[in-house]
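We use all heavy atoms of the structure for the numbers below, so side chains are in, but hydrogens, waters and symmetry mates are not. The chains referred to below are lettered A, B, ... by the order of the sequence lines, with proteins before strands, and numbering in each begins at 1. The structure presented is a predicted model; accordingly, all values stated were derived computationally and were not measured.
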Number of protein chains: 2
Amino acid sequence: MQKYYQKIKKTPIFYDMTDFELEKMLECFKAVIKKYEAGDTIIRRGDIITKIYVILDGEVNIEKDSYWGRRIIIQKLHENNNIALSLVASKNTESNVNAICTKDALILILNYEKCSAMCQNACIHHGAFIRNMFKILSKENIELVEKIENISQKSIRDKLLTYLSNESQKNKSNIFEIQFNRQELADYLNIDRSAMSFELSKLKQEGYLDYKKNKFVLKVEV
Amino acid sequence: MQKYYQKIKKTPIFYDMTDFELEKMLECFKAVIKKYEAGDTIIRRGDIITKIYVILDGEVNIEKDSYWGRRIIIQKLHENNNIALSLVASKNTESNVNAICTKDALILILNYEKCSAMCQNACIHHGAFIRNMFKILSKENIELVEKIENISQKSIRDKLLTYLSNESQKNKSNIFEIQFNRQELADYLNIDRSAMSFELSKLKQEGYLDYKKNKFVLKVEV
DNA sequence: TCCTTTTTGTTGTAAAAACAACAGAAATGT
DNA sequence: ACATTTCTGTTGTTTTTACAACAAAAAGGA
């Protein structure tokens with residue numbers, strides 16, 4: 001555990017804490033680190049979530065299999081992100097999504113239930129911790145609304161332009177790399193991959209953008 | 001303000017507080033109550049949100065006008081809901097949505113910025129308050145994911161069945177009332193209203209469901 | 001009550017997307 | 001370097017959706 005301290009210290013959920021405080025918190029939370037391999041399921045639909053999961057390394061997709069068998073990618077998570085944090089607060093709420101490890105991952109797991117019951121008053125840093133969680137959830141919330149904006153556009157073209165424009169803004173540059181491969185992007189935007197590829201080609205031809213693999217250049221203001 | 005105490009006390013954001021604590025908090029937050037009429041814009045795209053808005057009465061839509069002029073309804077909010085709470089935590093983040101009053105509303109407005117700066121340590125109930133906010137955001141988060149599930153279905157029929165099934169589950173009954181009229185539902189599910197009406201008729205004819213106006217009876221397990 | 005306005009349902013047509021099948025390119029492993 | 005697998009792009013066909021225009025029903029006001 002010790003060897004990960006520096007990494008853990010950098011996660012937003014422990015923002016603004018000293019080494020000593022961090023150590024106390026990890027103890028209080030009965031923290032463990034677990035390794036997952038690409039393809040592993042970290043959280044399954046129906047699970048009751050009572051622990052806090054923090055990605056220290058690797059990549060995790062939050063997905064949902066629709067009733068009719070299609071995959072829906074809700075979000076793609078990386079280092080420092082939390083998995084299903086919103087489910088911790090709503091006790092006894094079943095997860096209605098799956099968390100799938102897509103690149104070998106290192107996950108810090110905190111027993112929030114145990115701690116929040118025991119040390120609500122004792123642990124002086126619990127206040128900072130919950131403030132951090134609030135900020136994290138806020139950010140996630142904004143991102144979910146952004147995703148809704150992306151997939152709410154009426155045509156494949158509009159979805160692509162909205163998504164790419166948002167990515168461009170996030171990177172503060174019209175040259176940027178996207179996190180999805182083509183199939184994943186299609187599953188994220190809820191469109192057919194081949195139709196999407198076709199539309200991307202058209203956009204390139206018409207001079208709206210350029211791309212090679214995951215590297216994109218957006219040439220228009222959207 | 002006094003005459004609203006009982007109502008305010010029931011909002012989740014003040015959950016678990018005594019009358020005395022509530023009074024202190026409202027003072028600390030420089031609380032005011034503002035009336036809005038149907039059609040009013042409460043929050044406009046681009047606004048920097050520094051206040052907490054709690055709906056005491058009325059109805060508010062969180063909407064977005066797509067670049068191409070279509071309306072997207074993100075969520076419909078009622079009594080006790082917060083408006084754009086996630087934007088308060090992320091300082092200096094512009095709102096990318098509009099909050100439109102759809103039925104005459106009474107909004108409690110709290111100056112969070114002022115308070116959180118001043119009384120972080122002084123106000124002993126700040127802890128409970130932020131815990132409540134965390135819970136509210138969690139719930140909102142789960143609802144946003146549910147909305148993503150609804151609109152991510154591939155056909156109009158699947159969107160309707162998924163949405164209605166989710167509503168049915170929330171009401172714990174296969175007979176329930178929905179909050180949207182037809183045009184609003186279409187804007188929420190991102191589909192054409194007339195095509196949606198047509199699909200609803202077909203579903204009724206095929207015996208999947210029954211409805212009259214906003215009252216629905218779901219006859220199948222989805 | 002009757003008239004007006006708003007909401008909901010119906011239909012045909014044009015446009016867009018999904019799907020399937022395949023070709024080419026890139027990545028991976030040996 | 002070569003073979004194999006995965007990923008991406010292309011095209012034609014079928015299915016679905018959006019759109020427009022209108023009809024019917026419901027709600028609201030005088």
Side-chain angles (χ1 to χ4, degrees), chain A residues 37-39 59 61 66 68-73 76 102-104 150-164 177-206 208-216, chain B residues 38-39 59 61 66-73 76 102-104 150-164 177-206 208-216:
Chain A
E37 286 177 16
E59 190 187 88
N61 275 1
S66 90
W68 296 267
R70 264 175 1 126
R71 173 178 74 162
I72 298 164
I73 296 182
K76 186 183 271 295
T102 48
K103 280 179 192 155
D104 291 5
N150 288 335
I151 65 177
S152 293
Q153 304 304 320
K154 72 167 194 302
S155 64
I156 291 180
R157 168 170 293 222
D158 292 351
K159 285 183 189 184
L160 283 168
L161 287 175
T162 303
Y163 168 74
L164 292 171
E177 217 162 312
I178 66 170
Q179 55 183 344
F180 297 117
N181 66 26
R182 295 291 185 275
Q183 184 61 62
E184 286 181 322
L185 181 56
D187 289 344
Y188 177 83
L189 294 176
N190 304 300
I191 50 183
D192 179 67
R193 183 197 56 76
S194 65
M196 185 186 77
S197 267
F198 183 59
E199 195 65 44
L200 277 174
S201 301
K202 270 206 292 185
L203 284 166
K204 187 195 268 187
Q205 244 183 345
E206 294 172 25
Y208 285 93
L209 47 80
D210 209 346
Y211 61 88
K212 188 162 192 179
K213 278 288 212 179
N214 289 16
K215 201 149 193 165
F216 282 76
Chain B
E59 190 186 86
N61 275 2
S66 90
Y67 187 72
W68 296 266
R70 268 180 352 131
R71 173 177 74 162
I72 299 166
I73 296 182
K76 186 182 269 296
T102 49
K103 281 180 193 158
D104 291 6
N150 289 335
I151 65 177
S152 294
Q153 304 305 320
K154 72 168 196 300
S155 65
I156 291 181
R157 168 170 293 221
D158 292 351
K159 285 183 189 184
L160 282 169
L161 287 175
T162 303
Y163 168 74
L164 292 171
E177 218 162 312
I178 67 169
Q179 55 182 346
F180 297 117
N181 67 25
R182 296 291 185 276
Q183 184 61 62
E184 285 180 322
L185 182 56
D187 288 344
Y188 177 82
L189 294 176
N190 305 300
I191 50 183
D192 179 68
R193 184 197 56 75
S194 65
M196 185 186 77
S197 266
F198 184 59
E199 195 64 44
L200 276 174
S201 302
K202 271 206 293 182
L203 284 166
K204 187 195 268 189
Q205 242 182 347
E206 294 173 25
Y208 284 92
L209 47 78
D210 209 347
Y211 61 87
K212 187 162 192 178
K213 279 285 209 181
N214 290 15
K215 202 150 192 164
F216 281 77

> When rounded to the nearest 0.5 angstrom, what distance separates CZ in B:F180 from CG in B:L189?
Replying inline: 7.5 Å
> From the list D:dA18, C:dA18, D:dT8, which nucleotide is the closest neighbour of the side chain of A:A195?
Replying inline: C:dA18
>> Among D:dT8, C:dT10, D:dT16, which nucleotide has an atom closest to any side-chain atom of B:S201?
In response: C:dT10
> Can you tell me if B:R182 uses its side chain to pair, donor with acceptor, with the backbone of B:K213 under 3.5 Å?
Replying inline: yes
> Measuring from A:N61:CG to A:Y188:OH, what's the distance to the nearest 0.5 Å?
Replying inline: 11.5 Å
> Do A:S194 side-chain and C:dA20 base share a donor-acceptor contact under 3.5 Å?
Replying inline: yes
> So which one's nearest nucleotide on DNA chain C is more toward 5', B:F198 or A:I156?
Replying inline: B:F198
>> So B:N181, base contact, sugar-phosphate only, or nothing? Heavy-atom distance under 4.0 Å.
In response: sugar-phosphate
> Could you state the NZ-P distance from A:K202 to D:dT10, rounded to the nearest angstrom?
Replying inline: 12 Å
> What's the NZ-P distance between B:K159 and C:dA17, to the nearest Å?
Replying inline: 12 Å
>> Which nucleotide wins on minimum distance to the side chain of B:D192, given the candidates C:dA18, D:dT16, D:dA18?
In response: D:dA18
> Rounding to a whole Å, what distance do you find between B:E184:CD and C:dT6:P?
Replying inline: 15 Å
> Given atom CD1 of B:I191 and atom C1' of C:dG9, what is their separation to the nearest angstrom?
Replying inline: 14 Å
>> Heavy-atom nearest nucleotide on DNA chain C for A:K213 versus A:E199: which residue maps closer to 5'?
In response: A:E199
>> On the nucleotide D:dG9, are OP1 or OP2 found under 4.0 Å from the side-chain N or O atoms that A:R182 carries?
In response: yes
> Taking atom P of C:dG9 as reference, at what distance in whole Å does atom CZ of B:R193 sit?
Replying inline: 8 Å
>> Using whole Å, what does the distance between atom C1' of nucleotide C:dA26 and atom NZ of A:K215 come to?
In response: 17 Å
>> By the 4.0 Å heavy-atom rule, please label B:S155 as base, sugar-phosphate, or nothing.
In response: sugar-phosphate
>> Applying a 4.0 Å non-hydrogen cut-off, can you work out what B:L200 is touching in the nucleic acid: base, sugar-phosphate, or nothing?
In response: nothing
> When you measure from the side chain of A:D187 to the backbone N and O of A:I72, does any donor-acceptor pair fall under 3.5 Å?
Replying inline: no
